[in-house]
Novice: 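Take this structure first; my questions come after.
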Amino acid sequence: LVEAEQADALQGQFTSAGIQPWSIEEYPMVAEWLAINDASLRLITTASRRANFYEPIVSASQNLPALYSVTMPMEQALGEMALALQARAMLFAKSGNVDAALQDLITCHRWLRFMGGVPLGQYAVETRTSEISLCQVELKILHCCHPSLKQVERMKTELAALPPLSSLADRINLADRFRYLDTVCL
């Protein structure tokens with residue numbers, strides 16, 4: 001029961017920390033989590049700079065068609081990564097490190113664009129929802145931190161270099177076609 005309460009408290013702190021600049025004293029559990037997972041977050045940032053992302057599709061069951069029983073580990077991880085990076089960006093923003101805050105948000109955009117290329121419907125929903133949330137965080141940082149023109153121009157350049165999100169309708173249609181083919185070919 002205590003662990004469940006702590007997990008709920010941490011989730012609540014993360015939710016708040018991801019939408020407003022905050023200090024270590026305000027959300028100590030989030031600050032501790034970010035410190036413990038700093039190496040992982042750096043690895044996520046480094047991986048986001050790669051040219052491509054590949055997530056193998058592995059069927060969880062030999063008795064069901066592959067695309068109906070596929071496990072998608074990045075589906076949940078994507079939201080958690082975005083939440084962690086947004087919270088860390090807001091911590092950086094509060095401490096005045098606007099460059100680091102903006103870099104974490106660019107990392108989020110890169111991952112969302114990677115996942116935006118996966119032709120399965122749930123990723124389409126997750127990437128769109130996360131993009132909206134990310135834009136709200138960016139607006140909050142612009143409003144609260146007053147980045148310099150040079151910082152805004154650098155972020156604009158990095159955002160322009162990202163591939164566009166593919167059409168939601170096209171991605172869902174493609175996934176549905178693959179699921180259908182997977183079903184009738186077995």
Side-chain angles (χ1 to χ4, degrees), residues 1-49 53 72-116 122-165 168:
L1 185 61
V2 172
E3 287 182 20
E5 289 174 2
Q6 286 181 332
D8 289 344
L10 179 61
Q11 184 64 36
Q13 283 191 15
F14 255 111
T15 301
S16 298
I19 59 172
Q20 63 189 12
W22 60 279
S23 67
I24 292 171
E25 295 78 26
E26 292 175 279
Y27 301 115
M29 293 175 75
V30 175
E32 181 181 359
W33 189 96
L34 291 172
I36 290 168
N37 291 287
D38 184 62
S40 297
L41 292 172
R42 279 187 275 132
L43 185 61
I44 287 168
T45 300
T46 301
S48 76
R49 292 186 179 107
F53 170 77
M72 304 300 287
M74 284 298 294
E75 186 175 337
Q76 182 177 358
L78 181 64
E80 292 170 357
M81 286 181 345
L83 188 60
L85 289 166
Q86 288 173 17
R88 190 171 76 170
M90 288 301 197
L91 177 61
F92 286 143
K94 180 74 170 196
S95 68
N97 191 348
V98 178
D99 287 328
L102 295 176
Q103 197 54 55
D104 274 354
L105 299 180
I106 290 294
T107 297
C108 286
H109 278 291
R110 284 190 198 113
W111 273 106
L112 292 172
R113 299 305 165 92
F114 276 149
M115 301 314 294
Q122 188 57 37
Y123 281 132
V125 173
E126 183 68 33
T127 55
R128 298 294 178 173
T129 303
S130 294
E131 282 278 342
I132 292 167
S133 171
L134 190 54
C135 289
Q136 292 170 340
V137 172
E138 289 168 348
L139 288 173
K140 184 69 109 173
I141 286 180
L142 291 172
H143 177 73
C144 294
C145 298
H146 309 289
S148 68
L149 180 60
K150 185 178 178 181
Q151 290 169 321
V152 172
E153 287 294 327
R154 187 172 38 244
M155 184 162 186
K156 181 180 172 184
T157 300
E158 290 195 49
L159 287 172
L162 295 173
L165 282 171
L168 185 60

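What you are looking at is a predicted structure, and each value in this text was computed from that prediction instead of being measured.
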Novice: Please check if any side-chain donor atom of Ser133 sits under 3.5 Å from a side-chain acceptor atom of Gln136, or the reverse.
Specialist: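 No donor-acceptor contact under 3.5 Å links the two side chains.
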Novice: Under 4.5 Å between any side-chain heavy atoms of Asp99 and Arg154, yes or no?
Specialist: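 The answer is yes; the side chains approach within 4.5 Å.
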Novice: Closest heavy-atom contact between Pro147 and Ile141?
Specialist: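 Taking Pro147 first and Ile141 second, the nearest heavy atoms are CD-O, 4.1 Å.
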Novice: So do Val30 and Leu34 actually touch side chain to side chain, heavy atoms under 4.5 Å?
Specialist: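 Counting from C-beta outward, Leu34 and Val30 do come under 4.5 Å.
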Novice: I need the minimum non-hydrogen distance between Tyr27 and Ser16, along with the two atoms involved.
Specialist: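 Nearest pair, atom of Tyr27 first, then Ser16: OH-CB, 3.2 Å.
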Novice: Write down the atom of Trp111, the atom of Ala47, and the distance for their closest heavy-atom approach.
Specialist: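 Answer, listing the atom of Trp111 first, then Ala47: CZ2-CB, 3.8 Å.
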Novice: Could you check if a side-chain atom of Met155 sits within less than 4.5 angstrom of a side-chain atom of Leu105, using non-hydrogen atoms only?
Specialist: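 Touching, per the 4.5 Å side-chain cut-off.
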Novice: Any chance CG of Leu162 has more than 12 other-residue heavy atoms, nucleotides or ligands included, within less than 6.0 Å?
Specialist: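 Check passes, neighbour count above 12.
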Novice: Just wondering, do Gln6 and Leu10 contact through their side chains at under 4.5 Å, heavy atoms?
Specialist: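 Answer no - side chains too far apart.
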Novice: Taking atom CD1 of Ile36 and atom CG of Leu41, what is their separation to the nearest 0.5 Å?
Specialist: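 Nearest 0.5 Å value for the CD1-CG distance: 11.5 Å.
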Novice: Give, for atom CG of Leu159 and atom CZ of Arg113, the distance between the pair rounded to the nearest 0.5 Å.
Specialist: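 Taking CG in Leu159 and CZ in Arg113, the distance rounds to 7.5 Å.
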Novice: Quick one: closest heavy-atom pair of Pro21 and Lys140, and the distance?
Specialist: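 So the minimum-distance heavy-atom pair works out to CD-CG, 4.1 Å.
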Novice: What I'd like to find out is whether the side chain of Gln13 reaches to under 4.5 Å of the side chain of Pro28, using heavy atoms alone.
Specialist: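 Sidechains of Pro28 and Gln13: in contact.
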Novice: Hey, could you give me the OG/CD distance between Ser48 and Gln103, rounded to the nearest 0.5 Å?
Specialist: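 Output value for this atom pair is 7.5 Å.
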Novice: Using every non-hydrogen atom in the two residues, find where Phe92 and Ala100 come nearest and quote the distance to one decimal.
Specialist: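 The pair with the smallest heavy-atom distance is CD1-CB, 3.5 Å.
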Novice: Rounded to the nearest 0.5 Å, what's the gap from CG on Leu102 to NZ on Lys156? Could you check?
Specialist: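 Going from CG on Leu102 over to NZ on Lys156, the span is 14.5 Å.
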Novice: Can you see which heavy atom on Asp104 is nearest to which on Thr45, and at what distance?
Specialist: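 Nearest heavy atoms, Asp104 then Thr45: OD1-OG1, 4.5 Å.
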Novice: Got a second to check how far Glu26's CD is from Met90's CE, nearest 0.5 Å?
Specialist: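 Nearest 0.5 Å value for the CD-CE distance: 12.0 Å.
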Novice: Looking at CG of Asn37 and CD of Glu32, how far apart are the two atoms once the value is rounded to the nearest 0.5 Å?
Specialist: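 Between atom CG of Asn37 and atom CD of Glu32 there are 10.0 Å.
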Novice: Let's go through Thr107 and Met81 carefully: what are the C-alpha distance in whole Å and the side-chain angles of both, what is the deciding distance for side-chain contact (heavy atoms from CB on, under 4.5 Å) to 0.1 Å, and is it a yes or a no?
Specialist: CA-CA 10 Å; Thr107 297; Met81 286 181 345; over 6 Å; no
